[in-house]
Amino acid sequence: METVKLSAIVMRWYPDMMPFLKQNELNSVIVLRDGLSILEPADAMDIIHYSICEHQNPAYLQ
């Protein structure tokens with residue numbers, strides 16, 4: 001297992017997305033069962049998507 005911040009995942013696979021993410025989203029702690037080295041780009045996108053959803057204000061979703 002490896003623990004990384006979302007910013008590390010974004011910087012590795014999708015650095016162009018950095019300006020569009022909030023600081024609290026980038027500081028999200030992600031636990032990777034098999035580590036960062038074998039994470040695929042599609043998996044990274046899924047993690048980024050899930051992290052953004054986790055930080056959305058529920059008041060906007062109603």
Side-chain angles (χ1 to χ4, degrees):
M1 275 197 202
E2 183 177 355
T3 302
V4 297
K5 287 188 175 185
L6 182 64
S7 60
I9 294 172
V10 174
M11 282 302 293
R12 183 168 178 156
W13 282 276
Y14 301 101
D16 294 344
M17 293 180 67
M18 287 294 282
F20 302 105
L21 297 171
K22 297 175 187 170
Q23 194 60 46
N24 63 338
E25 294 167 343
L26 293 170
N27 289 334
S28 298
V29 176
I30 310 294
V31 178
L32 300 170
R33 183 186 63 198
D34 298 323
L36 189 64
S37 61
I38 66 164
L39 190 67
E40 298 289 330
D43 298 329
M45 183 55 77
D46 287 344
I47 292 169
I48 293 167
H49 179 245
Y50 181 76
S51 297
I52 291 171
C53 289
E54 278 294 305
H55 287 93
Q56 286 185 341
N57 186 338
Y60 296 132
L61 300 177
Q62 295 179 0

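With rounding to the nearest 0.5 angstrom, the OG atom of Ser37 is 7.0 Å from the CZ atom of Arg12. For the atom pair Glu2 CD and Ile38 CD1, the distance stands at 10.0 Å (nearest 0.5 Å). Distance CZ/Phe20 to CD/Glu25: 12.5 Å, rounded to 0.5 Å.
In this structure, Glu54 and Ser28 have side chains that are not in contact, with every pair of non-hydrogen atoms separated by 4.5 Å or more. Annotation: side chain of Met1 is in contact with side chain of Val31 (closest heavy-atom distance under 4.5 Å).
Residue Trp13 belongs to a hydrophobic cluster whose other members are Val4, Leu6, Ile9, Val10, Met11, Tyr14, Met17, Met18, Leu21, Leu26, Ile30, Leu32, Leu36, Leu39, Met45, Ile47, Ile48, Ile52, with links defined by side-chain heavy atoms closer than 4.5 Å.
Every residue two or more places apart in sequence or in another chain that forms a side chain to side chain contact (heavy atoms under 4.5 Å, CB included) with Glu40 is listed here: Asp43.
The heavy-atom pair separating Pro19 from Pro15 by the smallest distance is CD-O, 4.2 Å.
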